[in-house]
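Ligands are counted one by one from 1 in listed order, and the atoms in each one are counted from 1 as well.
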Amino acid sequence: MTKKVVLITGSSRGLGLELTRQYAEAGWYVHACARRLSKAVKLKALAQLHENISLHELDITSDRQIRALAGCLQGQAIDLLINNAGVYGPKGLAMDEIDRETWLNVLNVNTVSPLLVSLALLPNLRAGQLKKLVIISSKMGSQADNSSGGSYIYRSGKSAVNAVGKSLSVDLQPDGIAVAVLHPGWVQTDMGGPAALIKADKSVTGMCKVIDQLTLENSGRFVAFDGVELPW
Ligand SMILES: NC(=O)c1ccc[n+]([C@@H]2O[C@H](COP(=O)([O-])OP(=O)(O)OC[C@H]3O[C@@H](n4cnc5c(N)ncnc54)[C@H](OP(=O)(O)O)[C@@H]3O)[C@@H](O)[C@H]2O)c1
C-alpha cells in the first residue's frame with residue numbers, strides 16, 4: 001500500500017516537530033519544512049530515525065523558496081498540507097507601542113504566507129487521495145472569544161487567517177479539498193511558554209484525530225484540538 005503523504009511547515013520545533021514525529025511514527029511519508037535546516041537540530045535527529053521523513057528548507061515568507069519547494073515536489077501527490085509555522089510577535093506590547101513594520105511582519109508570516117504556500121501546493125493536493133488542507137490558527141483569532149482585549153498583532157493575524165481558511169473551504173469544495181482551521185490549545189512550546197495547559201503530544205494527538213475526521217461535509221469549520229467546534 002502506498003504511504004499517505006503530509007507536508008508540514010515550521011517543523012523545526014514545537015507543534016510542527018511533534019506533528020512530524022506523530023505522522024512519521026504512524027507510517028506517513030512526511031515532507032518536513034523548516035526555515036533554517038542548519039539550526040533544526042531536533043528535526044534532523046528525528047529524520048535520522050525515520051526514512052519516511054524528507055527535509056526541506058522553507059521560510060514561508062520567501063516567494064523564491066515557495067517556488068523552489070513547489071518545483072521540487074512537482075508531480076508528487078500530497079494528501080494533507082498542514083500550515084503550522086507561525087510567530088507571536090513581541091509579547092506584552094502596549095497598544096501605543098505597536099509599529100507598522102512589526103505588525104506587517106507578523107501578518108506576513110501568520111496570514112499571507114499560509115495562503116501563498118497553499119496556493120503553490122494546490123496541484124499536489126489535487127493529485128492526492130485524501131485532499132485535506134489545514135491551517136493551525138488560534139482561539140485568539142476568535143472575535144466571540146475575545147473578552148480580554150489586547151494582543152492586537154497576534155489576534156488580527158489569526159482572525160485574518162481564519163477568513164483565509166473559510167474562503168479556501170468554499171473555493172476548494174469543487175476540487176474535493178476539505179479545509180479545517182484548528183486551535184491547538186494552549187501548549188507548552190517556545191510560543192506557549194512553560195505555564196501552558198497541555199503538552200505538545202496531547203495537542204497533536206487531538207489535532208490528528210480532528211484531521212482524520214475532516215471531510216468535505218464538515219469542511220470550513222474552526223475546531224479545537226479536542227474536537228470542540230469554536231465560534232469565529
Ligand atoms: N503554543 C501555543 O499555545 C499555541 C496556541 C495557539 C496557536 N498556536 C499556533 O501553533 C503554531 C505552532 O506554534 P508553536 O507553539 O509550535 O510555536 P513555536 O514553538 O514558536 O514554533 C514556531 C515554528 O514556526 C516556525 N516559523 C516561524 N516563522 C517562520 C517562517 N517565516 N518560515 C517558516 N517557519 C517559521 C519556527 O521556525 P524557527 O525554528 O526557524 O523559528 C518554528 O518551527 C503557530 O501557528 C501558532 O500560532 C500555538
Any salt bridge linking K4 with D79? Criterion: basic side-chain nitrogen under 4.0 Å from a carboxylate oxygen.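 Salt bridge between K4 and D79, a charged N being under 4.0 Å from a carboxylate O: no.
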Under a 4.0 Å threshold between the charged nitrogen and the carboxylate oxygen, would D190 count as salt-bridged to R13?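 Looking at R13 and D190, the cut-off is met.
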Give the residue and atom name of whichever protein heavy atom lies nearest to [atom], and the separation in Å to one decimal.
atom	value
atom 1 (N) of ligand 1	T189 OG1, 3.1 Å
atom 31 (N) of ligand 1	D59 OD1, 3.0 Å
atom 3 (O) of ligand 1	V187 N, 2.8 Å
atom 17 (O) of ligand 1	M191 CB, 3.4 Å
atom 43 (O) of ligand 1	S12 OG, 2.7 Å
atom 34 (N) of ligand 1	A85 CB, 3.4 Å
atom 40 (O) of ligand 1	R35 NE, 3.0 Å
atom 23 (C) of ligand 1	G10 O, 4.0 Å

Near [X], which atoms of ligand 1 are under 4.0 Å from a heavy atom of that residue?
X	answer
N84	11 (C), 12 (C), 44 (C), 45 (O)
S138	6 (C), 7 (C)
I136	9 (C), 10 (O), 11 (C), 45 (O)
S137	6 (C), 7 (C), 8 (N), 9 (C)
G14	16 (O), 19 (O)
L58	32 (N), 33 (C)
D190	19 (O)
W186	3 (O)

Side chain of [X], backbone of [Y]: donor and acceptor closer than 3.5 Å?
X	Y	result
K44	L37	yes
E57	A34	no
N108	S113	no
R155	M140	yes
K132	I211	yes
Q188	A196	yes
H183	K139	yes

Is the closest heavy atom of [X] to ligand 1 under 4.0 Å?
X	value
P184	yes
G185	yes
T9	no

Aromatic ring pairing H31/H56, orientation class (parallel under 30°, perpendicular over 60°, tilted between):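 H31 and H56: tilted rings.
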Does the side-chain hydrogen bond (donor to acceptor under 3.5 Å, both in side chains) test come out yes or no for S11 and R21, once each step is laid out? CA-CA 9 Å; S11 287; R21 183 194 321 279; over 6 Å; no
Side chains of S137 and N162 only: does a donor on one sit below 3.5 Å from an acceptor on the other?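 There is such a pair (donor and acceptor under 3.5 Å, judged by atom type) between the side chains of S137 and N162.
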Would you say the side chains of T2 and Y29 form a donor-acceptor pair under 3.5 Å?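 Result is no, nothing qualifies.
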Based purely on interatomic distance, does [X] place a nitrogen or oxygen under 3.5 Å from a nitrogen or oxygen of ligand 1?
X	value
V109	no
Y154	yes
V87	no
K158	yes
R36	no
I60	yes

Heavy-atom distance to atom 18 (P) of ligand 1: which of K42, E18, R13 wins?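 Of the listed residues, R13 has the closest heavy atom.
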What verdict does the side-chain hydrogen bond (donor to acceptor under 3.5 Å, both in side chains) test give for W103 and S156, after you've listed the backbone C-alpha separation in whole Å, the side-chain angles of each residue and the deciding distance to 0.1 Å? CA-CA 9 Å; W103 194 347; S156 60; 2.9 Å; yes
Can you tell me if CD on Q173 sees more than 12 non-hydrogen neighbours from other groups inside 6.0 Å?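 Yes.
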